[in-house]
Protein chains: 2
Amino acid sequence: MVTMSDVAREAGVSMMTVSNVLTGNKRVGEPTRDRVLAAVESLGYEVNLTARHLRAGRTDTVALIVPSFHDYFGEVADRIAPLVEAGGRHLVVERTSADARSEMESLSMPRLRMYDGVLLSVAGLHSDELDRVPTSTPIVLLGEREVPPQFDHVRLANVEGARLATAHLLERGARRVLALGASAEASVGMESDRHAGWAEAHRAAGLVADERLVTPVPDFTSEAAYDAVTRLLDDGMPFDGLFAVNDTVAFGAVAALAERGVRVPHDVQLVGFDNLGVSRFVPPGITSVDPGYDVVAATAVRLLEQRMAGGDGPHEHVTVPVHLVERGSTRA
Amino acid sequence: MVTMSDVAREAGVSMMTVSNVLTGNKRVGEPTRDRVLAAVESLGYEVNLTARHLRAGRTDTVALIVPSFHDYFGEVADRIAPLVEAGGRHLVVERTSADARSEMESLSMPRLRMYDGVLLSVAGLHSDELDRVPTSTPIVLLGEREVPPQFDHVRLANVEGARLATAHLLERGARRVLALGASAEASVGMESDRHAGWAEAHRAAGLVADERLVTPVPDFTSEAAYDAVTRLLDDGMPFDGLFAVNDTVAFGAVAALAERGVRVPHDVQLVGFDNLGVSRFVPPGITSVDPGYDVVAATAVRLLEQRMAGGDGPHEHVTVPVHLVERGSTRA
DNA sequence: TCGGCCCGGATTAACGATAAACCGAGAAGG
DNA sequence: CCTTCTCGGTTTATCGTTAATCCGGGCCGA
């Protein structure tokens, strides 16, 4: 492997001069620079980033750690990447399994220290587990779980989004609104927040929410949602509105309804959450709560860059506003 | 920052002993090990991976480089991750923009050298550009473009898949099959291969493919597909079958057809390609060519691990077989 | 009883780069 | 004419690990 000292010898200069030419950290005379570049070219030299990182103490790299590359996380990742690059850093994405053990492992200090900063999408971890995550590397948390105060945190307006969605259904005349994937029991997190919003919308409309309409969806997959809705239809459970806690769940519901001949929005109106790219194209177009991806991404990156720049102000906990995007799955 | 030498001092041993305890590379006596571990614990020491990498010459990390985190690439990434982990290495995902400049940059030797191996999904690069990519790091290419022979390469049976899809449509009675997103002109790559399969199926059935049914879709987005199909319908272009070069494109088509009141599969039968997770749930269920994600992932990882293990056999160019998954968008 | 070996551990020497200090020579300034 | 800069470059000292070697002593077989 050709090293910087080979280049230095070839060009008849010191290693520092080669380094300076390559990084541009100090001025180097024109003729010398040319000799160095020629030597680099002829030897095919490429800097060893690992060595640079060790010496410089920076990696110029930010990690985004997500539970999967799908759906919501894919959308977020695609938006975060250019922002990080704009800050002159490189983005890499790592995946945790959704389970806490592996998530904890991804958070092992050795790995985190490889990055100048980390955006961590918290899926499986509880607040007290996060408490033990070391904080010497700047970290910004994303996601709907409760987190300890010593982290910056970006979350969605979950309760508000669910309320918007449900209120929209009620306004359009739905009276029995399924809360698909929601849960009153989950101690804290997306599913309980969205349950709360669902309930709140009912109260605000002077209606009583029927808790029997709260239907769990294991792992929030389309498959599980499909199964759950199919079972409800077979059991004859009456409903004329459906709030899905996310669009992935909504897709399963749409398929189940279509197969049973239940028309959307004629018989059942439906609203999802996340406004995935594909949701607009799933007939009849899924009305969905848009999480403001660009704002989520921009906020997360801004917070992280503040920390990486050495900012040590109080930790921010930002709730990003959401808005409803109306499509064909609810009546005009 | 607490280093290994701090631990060594605290435990009253040499740094090498600490290193050996931590890596397990050499046997260390029970009492000594305990003292070391106690010191590690009490000081909160964590190994510096950057330093380890520099010294050891390995990073135990594999990079998967993809054009975006969406769709096909998300599916592949989710399957590759566990396989790489199973090999005792860590996976990170990097994104290139689809454009060649940025893709070339991601391929800069310095970055590639940070990894023990690289899985590169080739989107924007031409064969002669790839020719200039240095090969000192083991690389396996994924994707449908033509690639130079000095790389291992995993691709799909594109022509065969397109043929399968089109033949299925013809068999089910379709006579004017749109080739949405295909192109006879693209010198080489996914869109021309799939065009070839479309044409081949017609020949095999003794039919003449009407080239006017070949409709380009810029960037292969759902939006562009929606626009293209809408325009065709408005122009009164007759067709009763639709082969979409991928499911993302198919989604756009489905939405356009639904909005214009064209029934699937009654008026137009439709087949996609990629069999994305959501395709099953988009009413009426998208018949799609399944690329055998698990095989793609397993093959790519196997080839890469062979190279990383020092294998220097001839470079393999594997074409993964595909199969058709029938759903409601084509007749039974 | 003695040479050879194994074991647990310490010493030495990098891995490949950069920060910081240093230095000679010409230019600028008083 | 001497001091003080600035410029262009070199020297020195690590960054935090681990591979390779070395070493003392107990144990073994002959």
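Chain letters run A, B, ... following the sequence lines, proteins first, then strands; residues in each count from 1.
A salt bridge is defined here as a Lys NZ or Arg NE, NH1 or NH2 lying under 4.0 Å from an Asp or Glu carboxylate O, and B/E85 with B/R89 fails to meet this definition. Taking 4.0 Å as the cut-off between side-chain N and carboxylate O, B/R111 and B/E94 count as a salt-bridged pair. Using a 4.0 Å cut-off between charged nitrogen and carboxylate oxygen, A/R155 and A/D193 count as a salt-bridge pair.
Aromatic ring orientation, A/H153 versus A/H317: perpendicular (interplanar angle above 60°, classes split at 30° and 60°).
Counted within 6.0 Å of CG on B/D219, heavy atoms from surrounding residues, nucleotides or ligands total 12 or fewer; the atom is thus considered open.
For A/R27 and D/dC7, the shortest distance from a side-chain N or O to OP1 or OP2 is not below 4.0 Å. The phosphate of D/dT18 (OP1 or OP2) has no side-chain N or O of B/N25 nearer than 4.0 angstrom.
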Tabulate atom names and distances for all N/O pairs under 3.5 angstrom spanning the protein and nucleotides 23-28 of chain C.
none

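In this structure, B/H53 places its NE2 atom 13 Å from P of D/dA19, rounding to the nearest Å.
Each of B/I80, B/D78, B/L276 was checked for a side-chain contact (heavy atoms from CB on, under 4.5 Å) with B/Y293, and the lone residue meeting it is B/L276.
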Return a single string for nucleotides 10-17 of chain C, one symbol per nucleotide in 5' to 3' order, where B is base contact, S is sugar-phosphate-only contact and - is none, cutoff 4.0 angstrom on heavy atoms.
BB-BBBBB
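Residue B/R35 is the one, among A/R58 and B/R35, whose nearest nucleotide of DNA chain C lies closer to the 5' end (criterion: closest heavy atom).
Contact between A/R35 and A/G12 at its shortest, heavy atoms only, is NH2-O, 4.0 Å. Between B/M4 and B/M15, the shortest heavy-atom contact is SD-O, 3.7 Å.
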